[in-house]
Number of protein chains: 2
Amino acid sequence: MSQTSQVRLDKRKYYSRDQIIRHAQKYPTFHWPTTELLLNLVYAYDLIATYIARILNRYHLSLSAFNLLIILARSEGKGLPLHEIGEALLVSRANVTGLVDCLERRGLVERVVHTEDRRVRIVRITKSGEELLESILPGYHGEVRELVNELSDEEKAQLSRLLLKLQDSILHTLEKKSRKREDGFMIGNGG
Amino acid sequence: MSQTSQVRLDKRKYYSRDQIIRHAQKYPTFHWPTTELLLNLVYAYDLIATYIARILNRYHLSLSAFNLLIILARSEGKGLPLHEIGEALLVSRANVTGLVDCLERRGLVERVVHTEDRRVRIVRITKSGEELLESILPGYHGEVRELVNELSDEEKAQLSRLLLKLQDSILHTLEKKSRKREDGFMIGNGG
DNA sequence: TATTGTTATACTCTATAACTATA
DNA sequence: TATAGTTATAGAGTATAACAATA
């Protein structure tokens, strides 16, 4: 694979500060710190998501499928109804059905009818799903940790704090917007 | 739409620190600050990406299409060869063709054969593409700025600095890995 | 009537391999 | 031989609407 060593990983030359500002300054609403933040957030996410997807690919799991298995494993046998899975993964109900179908066919999760509300199906992780997770997680945690090892624990904690504050800001703005307009902005679970 | 007001935007209850640590502490490679950082990065990205996708949806543009138009607009008429677009967007060559096809059909970009190397096609934004961008960007910048308005400029800059450091850490680790193994990890442009 | 979940559809994004034309 | 771009295909992800079962 001669390509491997020639792939340029760093795309940041396409997003130089000077070029962006030169192009965008004609818009009065343009704000460099905001734009810079978004670019860095998106690019950091892209790098990590692509890398994690490659790890999970070895196990034929998508990122959503992996997240679902982990959430179910953490629930300690109680499982989750399908509509709550949609909330947790920011995915619509219709698509949760497909995701769960796929994992159920492989025997990694199972559906159980809720005893009190017979409309509801609880999804639980199976023994086999737990075994798969246990074969993935040691290597997964190690590889991910190596990936971010140039940040100290303190920097990681600070980054987390700022990202949390960013999430709060977004959530508050969206709530304000959906209170204001009846045709307000919606996120997730649009079905 | 009675659903609008009932959608729960905040999914963080599914990712509580105690529950995660209780489940993951059996793995010696597990490291809470790293996991916390990843969760917060992914969720912040999800919120922003979903919101921006909704804005762009009004103009029938995907996030990639929007990014492509902006990169082309910033190049000030010079345009970009298709393989560089792949690098910039972290997308494989094959998929750049499709993306450019789609925008070319709508008259927003055009292909021009490179005069010196006749294998190369340069993609340029058209007048019509620039007009579309100019109709989107004022509102776009304003909405995005409102979304993150609970962070001060200083906090945004600090967040950017930390995200940059995170990007560097990832890029360095990936480079080390691909130097080590001939079948090394690759990102993007796998075609 | 409203909610949970399913089915069906269509569109986008992604990954891969085989192909062409140029260098 | 290597590179730029295209074509074709298959698998995910997402959005939407219509529907059945249950509340």
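Note on naming: letters A, B, ... go to the chains in the order of the sequence lines (proteins, then strands), and numbering restarts at 1 for each one.
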Symbol by symbol from the 5' end, with Watson-Crick or G-U pairs under 3.5 Å, [ ] crossing and | another strand, DNA chain C is |||||||||||||||||||||||

Expressed as a whole number of angstroms, how long is the span from [X]:[atom1] to [N]:[atom2]?
X        : N      : atom1 : atom2 : answer
A:Leu89  : D:dA12 : CG    : C1'   : 14 Å
A:Glu104 : C:dG5  : CD    : C1'   : 13 Å
B:Leu82  : D:dT3  : CG    : P     : 17 Å
A:Leu68  : D:dA12 : CG    : P     : 15 Å
A:Ile85  : C:dG5  : CD1   : P     : 8 Å

Just by distance, with hydrogens left out, do [X] and [Y] show a side-chain donor and acceptor under 3.5 Å apart?
X       : Y        : result
B:Tyr14 : B:Gln19  : no
B:Ser64 : B:Asn67  : no
B:Tyr43 : A:Gln167 : no
B:Tyr51 : B:Glu143 : yes

So does A:His83 get a side-chain nitrogen or oxygen closer than 4.0 Å to the phosphate oxygens (OP1/OP2) of C:dT3?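 A:His83 to C:dT3 OP1/OP2: no side-chain N or O under 4.0 Å.
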
Determine: side-chain N/O of B:His114 to OP1/OP2 of D:dA4, distance under 4.0 Å, yes or no. no

Once the angle between the rings of B:Phe30 and B:Trp32 is folded into 0 to 90°, is it parallel (under 30°), tilted (30 to 60°) or perpendicular (over 60°)?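 It falls in the tilted class, 30° to 60°.
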
Enumerate the salt bridge (Lys or Arg N to Asp or Glu O under 4.0 Å) contacts for residues 95-104 of chain B, please, sequence neighbours excluded, ordered by first and then second residue.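 Every pair satisfying salt bridge (Lys or Arg N to Asp or Glu O under 4.0 Å) with a residue in residues 95-104 of chain B: B:Asp101-B:Arg111, B:Glu104-B:Arg111.
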
Are any of the side-chain heavy atoms of A:Thr35 and B:His141 separated by less than 4.5 Å? yes

So do the side chains of B:His114 and B:Asp117 get within less than 4.5 Å of each other, counting heavy atoms only? yes

Is the shortest side-chain N to carboxylate O distance from B:Glu155 to A:Lys165 below 4.0 Å?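 Judged by the 4.0 Å cut-off on N to carboxylate O distance, B:Glu155 and A:Lys165 do form a salt bridge.
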
Mind checking what makes salt bridge (charged side-chain N to carboxylate O under 4.0 Å, His left out) contact with B:Glu134, not counting sequence neighbours?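 Here the qualifying residues are A:Lys26.
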
Please output the side-chain donor-acceptor pairs of residues 69-78 of chain A that fall under 3.5 Å, not counting sequence neighbours, one pair per line with the distance.
unit_1  : atom_1 : unit_2  : atom_2 : d
A:Ser75 : OG     : A:Leu72 : O      : 2.8
A:Ser75 : OG     : A:Gly79 : N      : 3.0
A:Glu76 : OE2    : B:Arg22 : NH1    : 3.0

Are there any protein N/O atoms within less than 3.5 Å of an N/O atom in nucleotides 21-23 of chain C, and if so, which ones and at what distance?
unit_1 : atom_1 : unit_2   : atom_2 : d
C:dA23 : OP1    : B:Arg118 : N      : 3.1

Determine, for nucleotides 7-14 of chain C in 5'-to-3' order, which nucleotides have protein heavy atoms under 4.0 Å from the base (write B), from only the sugar-phosphate (write S), or from neither (write -). BB---SSB

B:Arg111 or B:Asn57, whichever maps to the more 5' nucleotide of DNA chain D: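 It is B:Arg111 whose nearest nucleotide is closer to the 5' end.
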
